Amino acid sequence: MEKLQFKAESKRLLEMMINSIYSQKEIFLRELISNASDAIDKIYYKALTDDTLTFDKDKFYIKVVPDKENRTLKVIDTGIGMTKEELENHLGTIAKSGSLAFKTENEMKDGHDLIGQFGVGFYSAFMVADVVTVISKALGEDQAYKWESAGADGFTIEPWTKDEVGTEVILKIKENTEDENYDEFLEEYRLKAIIKKYSDFIRYPIKMDVTVSRPKADGDSDTVEVKEEQVINSMVPIWRKNKSELTDEDYENFYTEKRYGFDKPLKHIHISVDGAVRYHAILFIPESIPFDYYTQDYEKGLELYSNGVLIMNKCPDLLPDYFSFVKGMVDSEDLSLNISREMLQHDKQLKLIAKNISKKIKSELLQMLKNEREKYEKFFDAFGRQLKYGVYSDFGMHKETLQDLLMFYSSKEKKRVTLDEYVSRMPEDQKYIYYATGDSVERIEKLPQTELVADKGYEILYFTDEIDEFAIKMLLKYKDKEFRSVSGSDLGLEEEDGKKTEEAEKDHQPLFDYMKKVLDGKVKAVRASKRLKSHPVCLTAEGEVSIEMEKVLNALPNNQNVHAEKVLEINTQHEVFQSLKNAYDNDKTKLDLYTNLLYNQALLIEGLPISDPVAFTNDICKIMV
Ligand code: ADP
Ligand code: MG
């Protein structure tokens, strides 16, 4: 008999789990039944697609066998079984090590489904068992094996006798402790309830011998207790059930059981279509962002079933990228079982389903926005960025689809608003949709550039996500209203002061030219500002690239060194301007100093780095003494 060690980190994880915060021990049964069902799926699928194999459908079942006397609970299946190597590899190592690093202590405490997180369903058995034994015979093998483990110390594997292909998991149920009752996992009624709760829709019968009372003889009032084999689950997959029969809890259980996420879903969408293409789908919008969502590791997709048989775990073609956060499954009678990944991509039925699904998701989101605002904002907090990427990507192809789902923070409402809400509130004289960009709402709130537009009483949208401005440049307009940045060269405002500024510009041209020379190519021009009210100075940009875009583009790894054409705007109504004029007339060294100071201040306001902070602080000292 070989004695093998669990991989070191498995040990740690196992210990953590066994003594865990995990409140519901009962889910171990869900895990074992789900593994049994997966194993039957595999053999069933083989039988359907391989002509050399023939199987009797009645032979596929799961059986749960409690034995109070010996304190054991067996979960037996007629699935595909495991070879010696599979027993060793699949039951010997817990999950991928990487996922552990992502979990913070808090997330664990939150009572999140720790087991699910790591895909270590099988190990949940150790929550209720001292010893777990697995006897398995794999399809196509002559020899069966017995795997056994008492927890973190390791496991043994030895040859064993088993006639039928399949697996038997035997739990040696723990003794009761002061705080824990383990006996319940040997009680028929309790096991029945757990199976009903979590595994009702499993496609194969889950059988159990249940004690029933029978009359001793016909017409006799005396009864005897006899065992009778019952099928506990209804076997109707949830997606084939009537929506009216299902509760939110049913959907939530399905979400958890399927491992779509570790949160509770924010919304479920149940679709049954019986038209040009027939399918059932259950889709979920998760509540929180999967830890890898905004990374390259994240794989989008829905489970794909052909007439009840799972043919693909993550079919990416069913979801557009902008809805990649959606989880769930699709079952269609119109898809062939033998279809390959490549063929699927060109499958007309699949394309039709994908199109329908996208439409449905959008309309559900719009409904949520209309009727469940808080929920929608929660959703948008998590996945709004993805929608904005969606507007921007593929050359703006999906902008029409997505524009009504967007939200931005409003200077007036002090919360998120939609573009439609913005436009419907616009005063008649307002021609454009105004926005300001910055790292945070607080920072934008203080931007001098917003002064004039805000003074006019116009609402300003705050763009705090890197993608925002790029997405909006793709959108160009909403309901015929163009977007304008408050930092752009033309605010498009009808100004009474326009003339004055132009005159000021002309009068002070030599001063501005001089300042531009001092700044030595750092700005394209120095100008009298039309937009400043109380601040002395700000930076704006001319042309397509804004200062915010410059920041984003230059932070990219393959940055092209893109630069915004910056303009230093001076408030000619500000006292400081008087000092500039005096310096220009009397003391050019002083003007050099002031120019550099003002420029650096403008950089600071924009959140741009100052190229020589020491020189800047020296300059400040100079004016202090
Ligand atoms: P998951 O089900 O998420 O893969 P588990 O820890 O539940 O993780 O199971 C690990 C693996 O062990 C399964 O993927 C499967 O390969 C194998 N396994 C577990 N139970 C069975 C079973 N009853 N029959 C066949 N294989 C099984
Ligand atoms: Mg499992």
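Here the structure is a predicted model, which means the values were calculated and not measured. Ligands are counted one by one from 1 in listed order, and the atoms in each one are counted from 1 as well.
Not one N, O or S atom of Ser34 sits under 2.8 Å from the Mg ion (ligand 2).
More than 12 heavy atoms of other shown residues, nucleotides or ligands fall within 6.0 angstrom of atom CD in Glu245. No more than 12 heavy atoms of other residues, nucleotides or ligands lie within 6.0 Å of CD in Glu164, so this atom counts as exposed by the packing criterion.
Some N or O of Phe122 is nearer than 3.5 Å to an N or O of ligand 1, by distance alone. On a distance-only criterion, Tyr123 and ligand 1 share no N/O pair closer than 3.5 Å. For ligand 1, the polar-atom distance check against Glu31 finds no nitrogen or oxygen pair separated by under 3.5 Å.
Looking at Glu168, Arg259, His90 and measuring to atom 11 (C) of ligand 1, the nearest heavy atom belongs to His90.
Within ligand 1, the atoms closer than 4.0 Å to a non-hydrogen atom of Ala39 are 24 (N), 25 (C), numbered from 1 in the order shown. Each of the following atoms of ligand 1 lies closer than 4.0 Å to a heavy atom of Leu91: 12 (O).
Ring-centre distance between Tyr389 and Tyr322: not below the 6.0 Å cut-off.
When non-hydrogen atoms are compared, ligand 1 lies under 4.0 Å from neither the backbone nor the side chain of Ile80. At a 4.0 Å heavy-atom cut-off, ligand 1 touches Asp77 through the side chain alone.
Below 30°, between 30° and 60°, or above 60°: for Tyr260 and Phe284 the angle between ring planes is between 30° and 60°, a tilted geometry.
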Original post:
Under the salt bridge (Lys or Arg N to Asp or Glu O under 4.0 Å) criterion, do Lys84 and Glu141 qualify, and how do the steps go?
Top reply: CA-CA 10 Å; Lys84 185 176 180 230; Glu141 300 281 319; over 6 Å; no
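For Thr223 and Ser213, the side-chain atoms include no donor-acceptor pair closer than 3.5 Å.
Ligand 1 lies within reach of Met82, whose nearest heavy atom is under 4.0 Å from it.
With sequence neighbours excluded, the residues forming a salt bridge (charged side-chain N to carboxylate O under 4.0 Å, His left out) with Arg373 are Glu377, Glu421, listed by chain and number.
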